[in-house]
Trainee: 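The structure follows.
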Amino acid sequence: MSKHNAISKINDKSARIVVVGIGYVGLPLVVEFARAGYRVTGYDKDAGKVQLLNSGESYIGDIASQDLAPFVKRGLLSASSDPAVLKDADAVVVCVPTPLNKTKDPDMRFIVSATEEIAAHQHKGMLIVLESTTYPGTTREVLVPKLTRGYEIGKDVFVAFSPERVDPGNLRYNTRNTPKVIGGTTPSCLEVAQALYARIIDTVVPVTSTDSAEMVKLLENTFRAVNIALVNEVAMMSRRLGIDAWEVIRAAATKPFGYMPFFPGPGLGGHCIPVDPLYLSWKLRSLKFQARFIELADAVNSAMPEYVVSRVTDALNTHEKAVRGAKILIAGVAYKPDVSDVRESPAFDVISGLVRLGAQVNYVDPHVPEFDEAGSQMQSVSPFASFAEYDAVVIVTHHRAFDYERMLREAKLIVDTRDALRSVAGDRAKIATL
Ligand SMILES: NC(=O)c1ccc[n+]([C@@H]2O[C@H](COP(=O)([O-])OP(=O)(O)OC[C@H]3O[C@@H](n4cnc5c(N)ncnc54)[C@H](O)[C@@H]3O)[C@@H](O)[C@H]2O)c1
């Protein structure tokens, strides 16, 4: 009976929804639920985010304030730092962080504390969905035991896992038109979770278990990490062979089947690709299985910032300059183009590698006015400042906002780690690639 009640509340939109964690993943989700006509509350420990959301202001690039403010005004969307909001929730969606700890093992603190808070306010008919990226078995081993005290899963409460696939900065794919995979603890759990997501997502893709849904996300991100490592190594091989790696990759991509292009770069960044595959290899180690592709990809990708430093050293050398004392400008510190997110950005390792060798380093990033990372604080120089005063400019992130023509005209030397200058006219002898 509880299942039918839960589904009918979802279908008639009387279900109250709470999203736990309103960051890059949770905020787009609360907006989508409000757009579909649900009353939704974002619950977050970060009082700053709660205050901004309640005043109708977005703090994430992909969401415009004018897209969420009307829902706040109509009383459909609100935020709170009080876990008591969970008490009235019919559906709870958990989007808390899943970082690594210092030894590169999963840090499950946020999932555990969020689950304990939900368990303290749990009631019959509640649907709980975990969206945070995590190792296979998390929902079954970490959530379910905490949510079964006095409740039968699949009858009294419903527990599911549905990986988030948000791609910040992607103008084509958003929450609604990106298909969503869902696995339930029981068939009833899957049914209730599918009913909820079908209201806000065009295509839902059911799988047979929460473990399987967890593994889907890790396969997707491991696929990216391994393929990026492969092309990073292809870039190094091509340098030895005197071949243009980007030309090769683009030409290979004309094959209409069986190939998909990935591009080399200064190393992995962001909250997902450098981190998520290590959740999988950690889990496999406990089962005495060595995830060799993941470990190799991690080793290749983690070495890329140091490789960039060596390319800068070589390029300066051809201009009869030493790194020590050289003035170097890093162009772009966000982890990918056209976003302001600097989490795990390889730019920090490139900067610290150059500083260690005695360079004087500045950076320019129109999306990141300042940062405080890995013990160093820096402020961006003006995007309009001249490039001519630097011995070398290193393109780490290929933002569209950069004026590449002016950069090529003014700079003495450019190390382009992203092939950003491919079609820019000018003195190409100044350009060094990976
Ligand atoms: N950012 C992405 O592009 C992306 C894409 C796909 C999947 N993911 C995954 O989604 C999850 C969330 O990532 P994110 O980028 O949104 O993280 P985020 O850091 O932007 O947001 C997480 C929020 O959760 C809050 N929080 C932490 N513990 C809490 C608790 N116990 N109760 C309430 N709030 C709590 C934090 O204050 C923060 O605001 C991670 O597992 C991540 O791997 C992220």
Side-chain angles (χ1 to χ4, degrees), residues 18-32 41-54 58-63 79-86 89 92-101 106-121 128-136 138-139 142-143 146 161-170 173-175 178-181 201 213-214 216-225 268-280 282 334-345:
V18 172
V19 173
V20 180
I22 44 173
Y24 288 90
V25 168
L27 186 66
L29 206 57
V30 290
V31 172
E32 223 44 64
T41 304
Y43 163 56
D44 203 297
K45 298 225 175 285
D46 183 336
K49 283 182 187 149
V50 166
Q51 201 192 350
L52 282 171
L53 187 49
N54 280 333
S58 172
Y59 39 83
I60 280 174
D62 287 347
I63 304 278
S80 174
S81 286
D82 181 355
V85 293
L86 292 160
V92 181
V93 182
V94 181
C95 307
V96 295
T98 43
L100 297 171
N101 62 23
D107 178 352
M108 302 300 285
R109 267 178 309 155
F110 304 100
I111 289 187
V112 168
S113 72
T115 311
E116 283 169 353
E117 276 164 351
I118 295 164
H121 298 92
I128 299 122
V129 187
L130 178 63
E131 291 213 3
S132 303
T133 308
T134 183
Y135 59 82
T138 303
T139 308
V142 180
L143 269 74
K146 294 188 194 303
F161 181 84
S162 180
E164 181 46 61
R165 283 170 160 169
V166 71
D167 181 19
N170 193 321
Y173 288 105
N174 50 42
T175 306
T178 305
K180 195 137 173 54
V181 172
I201 308 249
E214 288 156 344
V216 168
K217 175 74 186 180
L218 294 181
L219 170 61
E220 291 166 9
N221 284 359
T222 300
F223 175 82
R224 284 189 62 75
L268 295 182
H271 186 299
C272 294
I273 313 296
V275 172
D276 301 346
L278 301 181
Y279 267 68
L280 185 55
W282 174 86
Y335 83 86
K336 69 178 202 176
D338 310 325
V339 303
S340 59
D341 193 347
V342 296
R343 290 180 295 180
E344 310 286 330
S345 174

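This one's a predicted model, so the numbers in the text were calculated from it and none came from an experiment. Note that ligands are numbered from 1 as they come in the structure, with each ligand's atoms numbered from 1 the same way. Numbers for residues simply follow the sequence, beginning at 1.
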Trainee: Asp107 and Leu100: which non-hydrogen atoms are nearest, and at how many Å?
Mentor: CB-C, 4.2 Å

Trainee: Is the closest N or O pair between Ile22 and ligand 1 shorter than 3.5 Å?
Mentor: no

Trainee: Side chain or backbone, does Arg343 bring an N or O within less than 3.5 Å of an N or O on ligand 1?
Mentor: yes

Trainee: Would you mind checking which non-hydrogen protein atom is closest to atom 2 (C) of ligand 1, with the distance to 0.1 Å?
Mentor: Val166 CG1, 3.8 Å

Trainee: Go through ligand 1 atom by atom and flag the ones less than 4.0 Å from a non-hydrogen atom of Lys49.
Mentor: 38 (C), 39 (O)

Trainee: Using a strict cut-off of less than 4.0 Å between a Lys/Arg side-chain nitrogen and an Asp/Glu carboxylate oxygen, indicate whether Asp82 and Lys45 qualify as a salt bridge.
Mentor: no

Trainee: Charged N to carboxylate O below 4.0 Å: is that the case for Lys217 and Glu164?
Mentor: no

Trainee: Considering non-hydrogen atoms of the protein only, which is the closest contact for atom 41 (O) of ligand 1, and what is the distance?
Mentor: Thr98 OG1, 2.5 Å

Trainee: At less than 4.0 angstrom from any non-hydrogen atom of Val20, what atoms of ligand 1 do you find?
Mentor: 32 (N), 33 (C)

Trainee: Pick, from Val96, Asp46, Asp44, the option with the minimum heavy-atom distance to atom 38 (C) of ligand 1.
Mentor: Asp44

Trainee: Taking the side chain as every heavy atom from C-beta outward, state whether Val50 and Tyr43 have any atom pair closer than 4.5 Å.
Mentor: no

Trainee: Any atoms of ligand 1 less than 4.0 Å from a non-hydrogen atom of Pro168? List them with their elements.
Mentor: 3 (O)

Trainee: For atom 4 (C) of ligand 1, what is the nearest protein heavy atom, given as residue, atom name and distance?
Mentor: Cys272 SG, 3.4 Å

Trainee: If you measure every N or O of Thr133 against every N or O of ligand 1, does any of those distances drop under 3.5 Å?
Mentor: yes

Trainee: Out of Gly21, Pro97, Pro99, whose heavy atom sits nearest atom 27 (C) of ligand 1?
Mentor: Pro97

Trainee: Between Tyr279 and Asn221, is there a side-chain heavy-atom distance shorter than 4.5 Å?
Mentor: no

Trainee: Only heavy atoms of Ser132, strictly under 4.0 Å: list the atoms of ligand 1 that pass.
Mentor: 11 (C), 41 (O)

Trainee: Arg109: heavy atom below 4.0 Å from ligand 1, yes or no?
Mentor: no

Trainee: Looking only at N/O atoms, are Tyr24 and ligand 1 under 3.5 Å apart anywhere?
Mentor: yes

Trainee: So which heavy atom in the protein is nearest atom 8 (N) of ligand 1, and how far is it from that ligand atom?
Mentor: Val25 CG2, 3.6 Å

Trainee: Quick one: look up the protein heavy atom nearest atom 28 (N) of ligand 1 and list residue, atom name and how far away it is.
Mentor: Phe110 CD2, 3.5 Å

Trainee: For atom 6 (C) of ligand 1, which of the options Lys45, His271, Lys217 provides the nearest non-hydrogen atom?
Mentor: Lys217

Trainee: Between Glu117 and Lys146, is the closest basic N to carboxylate O distance under 4.0 Å?
Mentor: no

Trainee: Kindly check if the number of other-residue, nucleotide or ligand heavy atoms within 6.0 Å of CZ (Arg224) is above 12?
Mentor: no

Trainee: Polar contacts were defined as any N/O atom of the residue lying under 3.5 Å from an N/O atom of the ligand; does this apply to Arg165 and ligand 1?
Mentor: no

Trainee: Considering the heavy atoms of Ser113, write down every atom of ligand 1 situated less than 4.0 Å from one of them.
Mentor: 31 (N)

Trainee: Among protein heavy atoms, which sits nearest to atom 21 (O) of ligand 1, and what does the distance come to when rounded to 0.1 Å?
Mentor: Gly23 CA, 3.3 Å

Trainee: Polar contacts were defined as any N/O atom of the residue lying under 3.5 Å from an N/O atom of the ligand; does this apply to Glu164 and ligand 1?
Mentor: no

Trainee: With the threshold set at under 4.0 angstrom, would you say Glu117 reaches ligand 1 through any of its heavy atoms?
Mentor: yes

